[in-house]
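Working notes, beginning with the structure itself.
Heavy-atom basis, side chains included; hydrogens, waters and symmetry copies ignored. Numbers restart at 1 for each chain; the letters A, B, ... are given by sequence-line order, proteins then strands. Computed from a predicted model, the values in this text were never measured in an experiment.
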2 protein chains.
Amino acid sequence: MPLQRFEKLDPDRQQAILAAARTEFAARGFSGASYNAIIKAAGLSKGAMYYYFADKADLCRTVIERVLAQLADAAGELGPFDDAPGFWREIRALTGRAMLEMLAMPELADLTRLIYGEGSSSEILGPLIERAEAWCTETLAAGQPVGAVRSDIPLSFLATAVLGLLVHTDRWIAERLDTLEAAELERLSLACLDMVEHLATPVPDPNPARA
Amino acid sequence: MPLQRFEKLDPDRQQAILAAARTEFAARGFSGASYNAIIKAAGLSKGAMYYYFADKADLCRTVIERVLAQLADAAGELGPFDDAPGFWREIRALTGRAMLEMLAMPELADLTRLIYGEGSSSEILGPLIERAEAWCTETLAAGQPVGAVRSDIPLSFLATAVLGLLVHTDRWIAERLDTLEAAELERLSLACLDMVEHLATPVPDPNPARA
DNA sequence: ACGGTTTCAGACCGCTGGTCCAACTCACGG
DNA sequence: CCGTGAGTTGGACCAGCGGTCTGAAACCGT
């Protein structure tokens, strides 16, 4: 949430600022990025920058929020379904769309990784984490009515587990993107979604209580 | 790995430095922590500190490594086992011991969280992440001979998934420690380990290929 | 008593994110 | 045509950061 003034700024200028910030934050993370460098790259003065954004965290939040919106836009909504397999089919379709977008724009992936990479300790990016977990929780909740998602543990707990798994495997894959065959990449991504499905599916493998 | 000189320093002094650093890093994370503040709290001069530690990252690494050693010590080794259920029984025992230690010393938990919290982006704590994943990979590998751990995907990939799940659920729990009943805490921890077991167990739920 | 090494104190450096205010622009009322 | 006041901007300035460096003590074997 930049100061309201930002919205009234010449759109080219807006884009210049956001682009510079995107580049710097994606490359060096939040605390690693130099606000001064962003200001210089964006071609304005310190006073101007602080006139439009409250502080470094504000700019970073804004950048990531836009990126998240872009991602959400690309991923779209869960389509209709009326049983558990249908739910998981839709989940796969949605994450597939999101993955395509991220592959097409690596900076986007870096930025989303930023949320969990540094946000956990500092409260600066905390709200973004909460939003991500809230979204995940809601999505999982949609699968409960058709019996696709367990409800024996708090849904937010399950969402956290799922997100943790996804975030880390995503990082694993990102680190090896160059050396990974396309087929292997797809196989791992699917394996990943299988894991998520197994995590979320109700009582995946109980030994049925005797009598 | 502090400079060798550090080992020859008066043990009380050593402890004072490490304790100050532990407190500051646990409270504010790596980049949030003030090296100057640690120096002041430890009661020595800048020159002295830089005489014993190469830099801020060096001190932080040292602190975390000691903490990790303490944790490894408390967790102990995997006991003997000769089938899959035995393997998972041992895993549960080991993680249970580690959890007890962390509950007894919250600072320890904060510090371990630090590794994944900020290390992913910067390469400063990177080696620690690699060590954690290597340890996890080895541990899972131990379960393969008895058929407790799948081998259809790279083991390091599986290890990453497992660690991601554990790290994030751990954070979920830590944030709610105050408001969580002891029984609920145990139930969630067990659910967590169930999830890990399901993730790692070979082909958890394949529809057996027809004929 | 000496020279050489080890140990340390703290001034100093270039940088950081953030504050502040003087100065400029410009639309509007008189 | 001139105020005038709000909106905008440049950039000096600040405390604090991590890190370097000089030089003086303290300790040493000889």
| field | Nucleotide D/dG19, atom C1' - distance to CD1 of B/I38 in whole Å | value | 14 Å
| task | Would you indicate which nucleotide in D/dC17, D/dG11, D/dT8 comes nearest to any side-chain atom of B/S34? | result | D/dC17
| task | Nearest whole angstrom, please: distance from the C1' of D/dG16 to the CD1 of B/I39. | result | 13 Å
| said: Rounded to whole Å, please give me the gap between CG in A/L59 and C1' in C/dT16. | reply: 16 Å
| field | Nearest to side-chain heavy atoms of B/S45, which nucleotide of C/dT7, C/dG17, C/dA9 | value | C/dA9
| field | hbond_proxy A/K56 side chain to C/dG18 base (donor-acceptor, 3.5 Å cutoff) | value | no
| request: Go through the steps to decide whether B/D170 and B/I173 satisfy the test side-chain contact (heavy atoms from CB on, under 4.5 Å), and finish with yes or no. | output: CA-CA 5 Å; B/D170 166 73; B/I173 290 176; 5.7 Å; no
| task | May I ask you to decide if the ring planes of B/F25 and B/F30 are parallel, tilted or perpendicular, using 30° and 60° as cut-offs? | result | parallel
| Closest listed nucleotide, where the reference is the side chain of B/R5 and the choices are C/dG17, D/dG10, C/dT7 | C/dT7
| said: Quick test of your reading of the model: are B/E175 and B/R171 salt-bridged, counting only N-O distances below 4.0 Å? | reply: yes
| field | Side-chain-base donor-acceptor pair under 3.5 Å for A/K46 and D/dG10 | value | no
| query | NZ of B/K40 versus C1' of D/dG18: gap in Å, rounded? | reply | 15 Å
| message | Nearest whole Å is fine: how far is D/dG7 C1' from A/E7 CD? | response | 17 Å
| task | Find the distance B/K8:NZ to C/dT5:P and express it as a whole number of Å. | result | 14 Å
| request: Before accepting this row, confirm whether a basic side-chain N of the pair A/R92/A/D194 lies closer than 4.0 Å to the acidic partner's carboxylate O. | output: yes
| said: Could you tell me if the side chain of B/D152 sits less than 4.5 Å from the side chain of B/P202, heavy atoms only? | reply: no
| C/dG17 phosphate, OP1 or OP2, under 4.0 Å from A/Y35 side-chain N/O | no
| task | Under 4.0 Å between any heavy atoms, over every strand shown, what does A/D55 touch: base, sugar-phosphate, or nothing? Just pick one. | result | sugar-phosphate
| field | Length of the line joining A/F6:CZ and D/dT9:P, which is rounded to integer Å | value | 12 Å
| said: Rounding to an integer number of Å, can you tell me how far A/R13 CZ sits from D/dT8 C1'? | reply: 11 Å
| request: Check every strand shown and say whether B/A57 touches a base, only sugar-phosphate, or nothing at a heavy-atom separation below 4.0 Å. | output: nothing
| query | Which of the following nucleotides, C/dA9, C/dG17, D/dT9, is nearest to the side chain of A/Y52? | reply | D/dT9
| request: Give the nucleotide from the list D/dT9, D/dG18, C/dA9 with an atom nearest to the side chain of A/Y51. | output: D/dT9
| message | For D/dG18 and B/N36 - does any side-chain N or O of the residue sit under 4.0 Å from the phosphate oxygens OP1/OP2? | response | yes
